[in-house]
Each structure stands twice: as C-alpha cells, then as structure tokens.
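Presented below is the structure to which this report refers.
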Amino acid sequence: MRNNCIIILIFLLVCTGCQKTPEEPIVVGKDQQQMIEKAQGETVYTTDAPAGVDWAARLGAPKKYEAMLTSAGGHLVVDVDATVRLPEVELPVVRVSPYLFTDEDVHRYARALLGEELKCLDPWNENNRTKAMWEKEILALKNDLDHWEEYGSIIWDSFDSKADFERALQEKMARAANAPERPETAAPTWTWETPNVWTKDGKQETSDRCMTVLVLNEDNSESLLSIDRASEWGRCSLRYLRDADSSLHFALFSGVWPNELSLTREGAQQAAEQKLKDMGLDHLQCAYGASLRVYRGGVIVEGNPYGAYWAFVFTPEVSGAPLGFTLQTAVEPSEFNREWRYEQCRVLVDEAGVALLEYDAPCAVEKVEVEAATLLPYSKIQEIFEKMVLIVNNNADVNGSDQRYTVTEVRLSLVSVPEQNGDGGLLVPCWDFLGYPPETAGYPPLWRTLGLQPLGAYCHLTVNAIDGSIIQRQ
C-alpha cells in the first residue's frame, strides 16, 4: 500500500501542476504489516455492551459534515452536505484468502437455485430449445424490428442493416418450426470443463475450471446456472438465471426508479435472504436495496420494453462489522497487486421470486489480526479528504472542463484490499465519502434528465481509517 499510494500521489501532483502542493504529506507511507501494528495501538477500548460502541465520542465525529471545496485549477467543485454514518461495533483487521468452490458447494447451490430433481439439457446444443422458447424470442425480436428506428437498431447494432436483421429473424423462425415441444433430458453430470484462455501468444494452458447446468422446468422454460472456479486467478463466481433465454443483467443505474411491483421491499428482501440461506451464504448481509428497471438490451429509451425488479447487493459481515457497498466493485490493480474484486452477491427479485443471482469473488477468513482497531481521529480524516479529493482522479483541471462532485454520506465501515505481492487480502476500517457520480458541465446525467432520485453510492474517495492512506477503488 505504501508504494502504491506514493506513486498515485506523485503522478497526480505532476498531472495537476497548477495545484498548490500540500503543506504536509497527506498519504502516510506505511506497508501493511506496519498498518496492522498501528491498528493494534496502545489504547485499550472499553465498550458498554448495551450501548454498543460510541464511535462519535471516540473519534470526535460529527453527525453532519458540510463543506464547499474548489480545486486549485478552479474546474473541480466538491459540494459536501453529508450525514456521517457510524457502525455500532468494533472494527477489526481481518486477513482473508480467495475461496474456491467445492463440489459440495456446487451441489448445494444447484439444489437451492434449480431444485432437487434436475432434468438437464446440453447447454451448447441449440436443438434442445423448445418451440415455446423460440417463439418467445421471436416475439421479442419482431418487436425490435417494428421499432427499429426508435431502439431496435441500437439494441442490434451488430447488424449492418435492418435487412440483415430481418434475414436473421427469418432463420430463427425456420428453426422454431422444427423445434421440439419438449426435448429429452438427462440427469446432471456435474462435470468441470476447462475454459479456452487466449492471449496474444495464443491458447494458454490453465487450471481454471467451469461448469454450466441447463435445466428444463415443468412449464418448458429453462433455467441456467453457470459457475467459474478460477483457481489460477484465485477468484470464483456463479450466475443464475431463472429464465435462461432472457438477457437479464444486474445493471445498477445512477438513479432510483419508482417501484412498479405489488411486492414490497421487505418481502423481496426476505425472498433473497432465504435463497442465500438455502445456499449456505449466511455470512452475507444486505448492504443495498432499491427498485430497478432493466431495459431490453440495456437501452434506456422511451417505448423499449423493460422488467421491473427489486435489486439487492449483499456483502460479507465479519465479527458483526459490515463491508460497505459502493458502485465501484474492485480495487485498482498496480505493480504491487492484481485487481481485487469485492465479495458481493447481487440479486434481482420480482413477484415470481429470484430472477437473477450473481455471486462474485468469495473469500474465506484466515485470521483476525486485530479485534478492535485503533483509528485516526475524524478531524485528521476530514483534513486528508479535503486535500486529496481535489487531487486524486481530478481530470477536470487536467482537461479544463468544469466538474462537480456531490457528497451526501460519510461512512465508516470495512473495505477489502489486496495483499501486497500476495494472493490474499485484508479487511480494514475505512472512511467512504459517497454521493452522486461526477457531473460534467454541459453533460447532464441521465437520472437528472429522467427526473429520478439519484443513487448516492458512488465513492469519491476512500481513506484508510488506520493510517490515512488512499484506497483506489475501481
């Protein structure tokens, strides 16, 4: 972390040469072992169990933080009108390692998501598609063709012309005419396959494995479970689609859509939590939930069909301490560490239940290095923020284009960071300064154009609560 932070700081200071150099070092250069030692501190905290931890009194943190900051170049303005949110438990420092799915895990996930008696199809054989599935797809494609100018051409921009798209549609209609009402099925084989890995040097050998389970349901619909066990890269993932033929995706938007379901948020969250419990993922807690529209092809255009869902993001909780949710999903790679994705589970729920579930980058707790970390006082964190937010990723002064950050929440929680020159990671306390995504003058964000409430989960800066270093989210 020491070298990574110093390089980032030097680079940004060079790129923004018109800015005044801070009077004192803002990023304290310390490696991770020194950070752990600092977290242990000399202070012994005492906690009254009924009242929980009083972080406000301990760190001198206010309930609200207001400020208006302007960069030295004058093009970046940071408007802070934020609620300060604090946990109620001690914050530990925890060493974690990437977790690899076992065969037992896969069987448990399949039972929870697909059912007990699985009737499987070959996922790579399109002849297994039922007539009903072909007809459903053709109906949607005909709608795209009827609205080619409005949105069809945007969704299908891979086609050179409308005529090319029509020819492809005719081919699908011919295949649908000969499709079976219900193809033959078989029991699952639970076979791990080796993915094709290509680089500029050609096909590469890999120890990574993947598995795809396609299930035919009683109503002739198909559900899909895809699992990646990336032992070489040290991260696993799975993706479940209730309707295997859908293009459903988890697309968090910068605005919050109104709820259009008869299902309440509480009911939807209970359905998601029950599914996670059935999968054995009880360590994940709900960190975010909101209503969401998922437009066909991801094209947000009036008239384009969309589905309405409740969207949830679940993150780990360790020793009662939560990992905070942000729109950013990883720590940036550097010469000292690979990209480090956050452990997350993303779920879409509608009246019929869980429509999509994605579980990414699971980790296992190896050791609690510090049970109750000693943190810098809030005043020091605020000082670091007010200087560094005007420097880190300040492209406004570099490009000469006016930009505005809006910060609505300051949150103390845990963040997962990669281990230097290693394969594991650390969960460390941090301060996130959250708000709306950056707004550039002359380019209003879509949520504002649509008249929606903004989603205040974009992290403008993350400060390590132990040593004040900057954590570069991606």
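For reference, positions follow the sequence shown, starting with 1.
For the pair Glu222 and Arg129, the salt-bridge criterion is not met [side-chain N within less than 4.0 Å of a carboxylate O]. Between Arg239 and Asp360, none of the side-chain N atoms (NZ, or NE/NH1/NH2) sits under 4.0 Å from a carboxylate O, so this pair counts as no salt bridge. A salt bridge does not link Arg108 with Asp278: every distance from a Lys NZ or Arg NE/NH1/NH2 to an Asp or Glu carboxylate oxygen is 4.0 Å or more. No salt bridge links Arg404 with Glu439; every basic N to acidic carboxylate O contact stays at or beyond 4.0 Å. With respect to the salt-bridge test (charged N to carboxylate O, under 4.0 angstrom), the residues Asp208 and Arg229 do not qualify. Looking at Glu117 and Arg111, no side-chain N of the basic residue comes within less than 4.0 Å of a carboxylate O on the acidic one, giving no salt bridge.
A donor-acceptor pair under 3.5 Å links the side-chain atoms of Asn394 to the main chain of Leu390, judged by distance alone. Side-chain N or O atoms of Arg95 include none that pairs as donor or acceptor with a backbone N or O of Glu369 at under 3.5 Å. A distance-only check finds no donor-acceptor pair linking the side chain of Arg341 to the backbone of Pro362 [under 3.5 Å]. The closest donor-acceptor contact from the side chain of Asn259 to the backbone of Leu261 lies under 3.5 Å.
Separation of atoms CG (Leu357) and CZ (Phe314) is listed at 8.5 Å; rounding is to 0.5 Å. In this structure, the separation between CG on Leu86 and CG on Asp54 is 8.5 Å, given to the nearest 0.5 Å. Atom CZ in Arg411 sits 13.0 Å away from atom OG1 in Thr83 (nearest 0.5 Å). To the nearest 0.5 Å, the span separating OG on Ser221 from CG on Leu241 amounts to 12.0 Å. Separating the OG1 atom in Thr406 from the OH atom in Tyr436 is a distance of 6.5 Å, to the nearest 0.5 Å. Leu76 contributes atom CG, which lies 8.0 Å from atom OG1 of Thr70 (distance to the nearest 0.5 angstrom).
For Tyr359, the ring-ring contact (aromatic ring centres under 6.0 Å, His included) test picks out no residue, with sequence neighbours left out.
Under the 6.0 Å cut-off for aromatic ring centres, His460 and Phe433 do not qualify, their centroids lying 6.0 Å or more apart. For Trp55 and Tyr378, the ring centers sit 6.0 Å or farther from each other.
When only modelled atom types and interatomic distance are considered, Glu266 and Gln270 share no side-chain donor-acceptor pair under 3.5 Å. Side-chain contact, His283 with Glu343: a donor N or O sits under 3.5 Å from an acceptor N or O. Judged by distance alone, the side chains of Thr130 and Asn220 never bring a donor and an acceptor atom under 3.5 Å apart. Of the N and O atoms on the side chains of Glu351 and Ser262, at least one donor lies less than 3.5 Å from an acceptor on the other residue. Checked by atom type, the side-chain pair Glu366/Ser97 shows a donor-acceptor distance below 3.5 Å. Side-chain contact, Thr440 with Gln403: a donor N or O sits under 3.5 Å from an acceptor N or O. No side-chain donor-acceptor contact under 3.5 Å links Trp431 and Thr462. Side-chain contact, Tyr342 with Arg473: a donor N or O sits under 3.5 Å from an acceptor N or O.
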I'd like to know whether Glu358 forms a salt bridge (charged side-chain N to carboxylate O under 4.0 Å, His left out) with Arg346, so could you lay out the CA-CA distance, the side-chain angles of the two residues, the decisive distance to 0.1 Å, and finally the verdict. CA-CA 5 Å; Glu358 297 173 335; Arg346 300 171 290 274; 3.1 Å; yes

Taking it one step at a time, do Arg235 and Asp228 satisfy salt bridge (charged side-chain N to carboxylate O under 4.0 Å, His left out)? CA-CA 8 Å; Arg235 312 314 296 268; Asp228 289 321; over 6 Å; no

Kindly indicate, with the supporting measurements, whether the criterion side chain to side chain contact (heavy atoms under 4.5 Å, CB included) is fulfilled by Asn304 and Ile155. CA-CA 10 Å; Asn304 188 19; Ile155 297 174; 3.8 Å; yes

Please evaluate residues Glu273 and Lys277 with respect to the criterion salt bridge (charged side-chain N to carboxylate O under 4.0 Å, His left out), reporting the C-alpha separation (whole Å), side-chain torsions for both, the decisive distance (0.1 Å), and the verdict. CA-CA 6 Å; Glu273 289 173 341; Lys277 182 178 180 181; over 6 Å; no

Applying side chain to side chain contact (heavy atoms under 4.5 Å, CB included), run through Leu59 and Leu412 and close with a yes or a no. CA-CA 11 Å; Leu59 303 179; Leu412 176 62; 4.1 Å; yes

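Note: Phe312 and Trp310 have parallel aromatic rings, judged against thresholds of 30 and 60 degrees for the angle between ring planes. Relative orientation of the Tyr295 and Trp257 rings is tilted, given thresholds of 30° and 60° on the angle between their planes.
Residue-environment remark: NZ (Lys367) stays at or below the threshold of 12 foreign heavy atoms within 6.0 Å. By the 6.0 Å contact criterion, CD on Gln285 is enclosed, its count of non-hydrogen atoms from other residues, nucleotides or ligands being greater than 12. The local environment of CD in Glu104 is sparse, with at most 12 non-hydrogen atoms from other residues, nucleotides or ligands closer than 6.0 Å.
Nearest heavy atom pair, residue Val354 against residue Ala271, reads CG2-O, 4.3 Å. What you find for Thr315 and Leu323 is that their closest heavy atoms are OG1-O, 2.8 Å.
The side-chain hydrogen bond (donor to acceptor under 3.5 Å, both in side chains) test with Ser223 singles out one residue from Asp243, Asp245, Asn217, and that residue is Asn217.
Counting heavy atoms from C-beta outward, Val417 and Leu427 have side chains that stay 4.5 Å or more apart. The closest side-chain heavy-atom distance from Glu409 to Arg85 is below 4.5 Å.
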